Amino acid sequence: MTSPHHRRLTNDYAGMLDLAERSELISFHSLGNPPTKYTVKMSCLGLAQLKGVLMKSDEHEFDLVLGEKFPVLPPTVVWKTAIFHPNFKPPTVCMGDIWYPGLPLAELCLALCELVQYKSFNIYDPLDTQAALWLWEELSRDETIVPIDPRPAVVPAFEITASPRPEPGKE
C-alpha cells in the first residue's frame with residue numbers, strides 16, 4: 001500500500017510528463033522514483049537585466065524540490081537564471097497566492113511561465129522593486145510591450161470537426 005505522499009508524487013510526475021509532451025515552451029529532468037526534484041527549463045520570452053542593461057531572454061531554468069511535507073508545504077523553487085520581474089529575486093520566487101496544497105506541479109509550472117512572460121505579476125508586494133517600478137511605468141504607456149511573450153505555454157488539447165449541414169428538407 002502506498003502513502004498519500006507517494007501517490008501525490010506519482011501523480012505529479014505523470015502531470016509533468018503530460019505537460020512536457022503538450023508544451024513547446026516547458027521541459028524538465030527529474031530525480032527520484034517518484035521524483036522529488038525537478039529541473040525545469042522554459043523557452044519563453046521574459047526579461048533579464050545584465051550589467052544594468054535590460055534585454056529579452058528566452059532561456060529560464062529553475063529547480064523544484066519537494067520536501068517530506070509536500071504538498072502541505074509548497075515545493076522549494078530555486079531560480080537559476082537571470083530574470084527581471086517584480087516577483088523574482090534569484091534564487092527566490094514569490095509565489096504569493098499561486099500555491100495551495102491541491103495545485104498540481106504542472107499547473108505551478110504553467111503559472112511560473114506566465115509570470116516570466118509578464119502575463120501575471122504583483123507589483124504591490126514585489127521582491128524586486130526596480131522591476132515593479134519599471135512595470136508600473138510600462139503599463140502606463142499607450143504602446144506597452146507587456147506581456148513580453150503572448151504565446152500559450154500549452155496549446156489547448158481539443159479538436160473541432162465540422163460536417164456539412166444538410167440542406168433543408170433533404171434529411
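All of these numbers come straight from a predicted model, not from anything done at the bench.
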Distance (rounded to the nearest 0.5 Å) between [X] [atom1] and [Y] [atom2]:
X	Y	atom1	atom2	result
Met16	Ser23	CE	OG	10.0 Å
Ile26	Ser43	CD1	OG	9.5 Å
Leu25	Leu19	CG	CG	9.5 Å
Leu105	Leu110	CG	CG	11.0 Å
Leu103	Asp12	CG	CG	8.5 Å
Glu114	Ile98	CD	CD1	9.0 Å

Open item on the list: Can you confirm whether Glu24 is buried at CD, in the sense that more than 12 heavy atoms of other residues, nucleotides or ligands lie under 6.0 Å from that atom?
Closed with: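 No, CD of Glu24 has 12 or fewer neighbouring heavy atoms, counting only those of other groups under 6.0 Å.
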Open item on the list: Taking NZ in Lys119 as the centre, count heavy atoms belonging to other residues, nucleotides or ligands within less than 6.0 Å. Is the count above 12?
Closed with: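 Yes, NZ of Lys119 has more than 12 neighbouring heavy atoms, counting only those of other groups under 6.0 Å.
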Spell out, yes or no, whether [X] and [Y] are grouped together once hydrophobic residues are joined by side-chain heavy atoms under 4.5 Å, including indirect joins.
X	Y	answer
Leu64	Met42	yes
Leu115	Phe84	no
Ile123	Val146	yes
Val40	Phe70	yes
Phe28	Leu31	no

Task: Short side-chain donor-acceptor distance under 3.5 Å, Thr144 and Glu138 - done: yes
- [ ] May I ask you to check whether Asp63 and Thr39 show a side-chain donor-acceptor distance below 3.5 Å?
- [x] yes
With the side chain counted from C-beta on, respond yes when [X] and [Y] share a heavy-atom pair under 4.5 Å apart, and no when they do not.
X	Y	answer
Met95	Val77	yes
Leu108	Pro75	yes
Val116	Ile83	yes
Pro126	Phe88	no

Tell me the closest heavy-atom pair linking [X] and [Y], and the distance in Å.
X	Y	result
His5	Gly67	CE1-O, 3.5 Å
Gln117	Arg151	NE2-O, 2.9 Å
Pro86	Asn122	CB-O, 3.8 Å
Arg8	Gly102	NH1-CA, 4.1 Å

Open item on the list: Once you measure the plane-to-plane angle for His60 and Trp79, does it fall in the parallel (<30°), tilted (30-60°) or perpendicular (>60°) bin?
Closed with: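 If you compare the ring of His60 with that of Trp79, the planes turn out tilted.
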- [ ] Give the ring-plane orientation class for Trp136 versus Tyr124, where under 30° counts as parallel, over 60° as perpendicular and anything between as tilted.
- [x] perpendicular
Open item on the list: Tell me every residue that passes side chain to side chain contact (heavy atoms under 4.5 Å, CB included) with Leu133, counting only those two or more places apart in sequence or in another chain.
Closed with: none
TODO: With ring pair (Phe, Tyr, Trp, His ring centres under 6.0 Å) as the test, would you mind laying out the steps for Trp134 and Phe121 before giving the verdict?
DONE: CA-CA 12 Å; Trp134 172 86; Phe121 44 80; 9.6 Å; no
Open item on the list: Please evaluate residues Gln49 and Met55 with respect to the criterion side chain to side chain contact (heavy atoms under 4.5 Å, CB included), reporting the C-alpha separation (whole Å), side-chain torsions for both, the decisive distance (0.1 Å), and the verdict.
Closed with: CA-CA 6 Å; Gln49 189 174 42; Met55 62 186 70; over 6 Å; no
Task: Side-chain donor or acceptor of Thr36 paired with backbone N/O of Gly32 under 3.5 Å - done: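 Flag not set: sc Thr36 to bb Gly32 has no pair under 3.5 Å.
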Task: Leu45 backbone acceptor or donor facing Asp149 side chain under 3.5 Å - done: yes
Open item on the list: Using side chain to side chain contact (heavy atoms under 4.5 Å, CB included), reason through Tyr118 and Leu47 one step at a time and then give a plain yes or no.
Closed with: CA-CA 9 Å; Tyr118 277 83; Leu47 296 175; 3.9 Å; yes
Open item on the list: Taking the ring centre of each residue, are His29 and Tyr38 less than 6.0 Å apart?
Closed with: no
Task: Working for side chain to side chain contact (heavy atoms under 4.5 Å, CB included), residues Phe62 and Val93 - done: CA-CA 10 Å; Phe62 62 94; Val93 177; over 6 Å; no
